[in-house]
Amino acid sequence: MIITLIRILIIYTPLGLALRVSQPYRVEGKEGEVSLQCFFSGNLTPEEMQISVYKGLPTQDRICSAFVNFSEPYFTTNGTVKCRGNVSSGRVDMIITGLRGEDTDLYHCEIEILFPPPYLRRLGNGTVVYIQETPNCPTASTQSLSQSQRKNSEWEAVKNDVGPLPLLYAILIITSCSFILQMIICQWRASSSMAPVLSQKESYMKF
């Protein structure tokens, strides 16, 4: 009789404590962030559990995992992709950040009941997570900023290419002016030195 009762307990207790995990069919995120809910049910009151999120099929990639004690139901994870959220009665609400458009895929929640025994583990039915790509369209401010930066760089390039040319032009102009001035002075001196000779010749012809 005792053995029969033990067998009944072994067979029917797990059925009474069966863990079921469900998820919404599809959610949409943007700017690398998405909200995901996982619902669990069963005749159980867990105190400690492990929550994990897997991406893709058939070879699933675990993107985050967190241990949760119901005395402190809030959790957060580290990594390129981060998960944060909290656990309440029968549900897990989390926000996943750090996603890109190429991360659009099927995501599964996994719930593990660690305490009290028995240990239970269940994978959800999966949610299609669609991540919108953020377009890299330039705004008016960024466009004007890039134009001013381009003009400044072009002006710097012109100044670097020109180098000492303005100084060379100034030297050439000064040299040319001084040469012309010297020519004018020489001509003036030559004309002034020949003036007395002409006056003597004119006076001789008068006689």
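Just so it is clear, the values below take in all heavy atoms, side chains as well, and ignore hydrogens, waters and symmetry mates.
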Inset, instruction - Begin from the C-alpha positions of Asp105 and Val129 and carry the test side chain to side chain contact (heavy atoms under 4.5 Å, CB included) through to its verdict. - result: CA-CA 6 Å; Asp105 211 321; Val129 175; over 6 Å; no
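- The shortest non-hydrogen separation linking Phe40 to Pro46 is CE1-CG, 4.2 Å.
- Here the rule is salt bridge (charged side-chain N to carboxylate O under 4.0 Å, His left out) with Glu110, and of Lys55, Arg121, Arg122 only Arg121 fits it.
- Hydrophobic clustering keeps Phe75 apart from Tyr54 (ILVMFWY residues linked when any side-chain heavy atoms are closer than 4.5 Å, directly or through intermediates).
- Note on Val27 and Ile96: same hydrophobic cluster, where clusters join Ile, Leu, Val, Met, Phe, Trp and Tyr whose side-chain heavy atoms are under 4.5 Å apart, directly or indirectly.
- Atom CG of Leu114 sits about 11.5 Å away from atom CD of Glu47, to the nearest 0.5 Å.
- The two residues Val21 and Cys109 make their nearest non-hydrogen contact at CG1-O, 4.2 Å.
- Side chain of Glu112 to main chain of Leu120: no donor-acceptor pair is present (N/O by atom type, distance under 3.5 Å, no hydrogens or angles).
- At a threshold of 4.5 Å between side-chain heavy atoms, the hydrophobic network of Ile, Leu, Val, Met, Phe, Trp and Tyr places Phe70 and Val92 in one connected group.
- Atom OG1 of Thr76 sits about 12.0 Å away from atom CG of Asn86, to the nearest 0.5 Å.
- Although no hydrogens or angles enter the test, the distance criterion places a donor-acceptor pair under 3.5 Å between the side chain of Thr77 and the main chain of Cys83.
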Inset, instruction - Apply the test side chain to side chain contact (heavy atoms under 4.5 Å, CB included) to residues Ile111 and Met49: give CA-CA distance (whole Å), side-chain angles for both, the deciding distance (0.1 Å), then the verdict. - result: CA-CA 7 Å; Ile111 304 293; Met49 61 192 300; 3.2 Å; yes
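- When the side chains of ILVMFWY residues are joined at heavy-atom separations under 4.5 Å, either directly or via intervening members, Ile131 and Leu36 end up in a single hydrophobic cluster.
- The SG atom of Cys64 sits 6.0 Å away from atom CE of Met94, with the distance rounded to the nearest 0.5 Å.
- In this structure a side-chain-to-backbone donor-acceptor pair under 3.5 Å is missing from Thr127 to Tyr25.
- Heavy-atom contacts from other residues, nucleotides or ligands closer than 6.0 Å to OH of Tyr119 number more than 12.
- Atom OG of residue Ser35 and atom CG of residue Asp93 lie 8.5 Å apart, to the nearest 0.5 angstrom.
- By the 4.0 Å N-to-carboxylate-O rule, Arg26 lies close enough to Glu28 to be salt-bridged with it.
- One N or O on the side chain of Gln23 and one on the backbone of Tyr107 form a donor-acceptor pair closer than 3.5 Å.
- Cluster annotation: Val34 and Val81 are assigned to the same hydrophobic cluster (Ile/Leu/Val/Met/Phe/Trp/Tyr, side-chain heavy-atom contacts under 4.5 Å, transitive).
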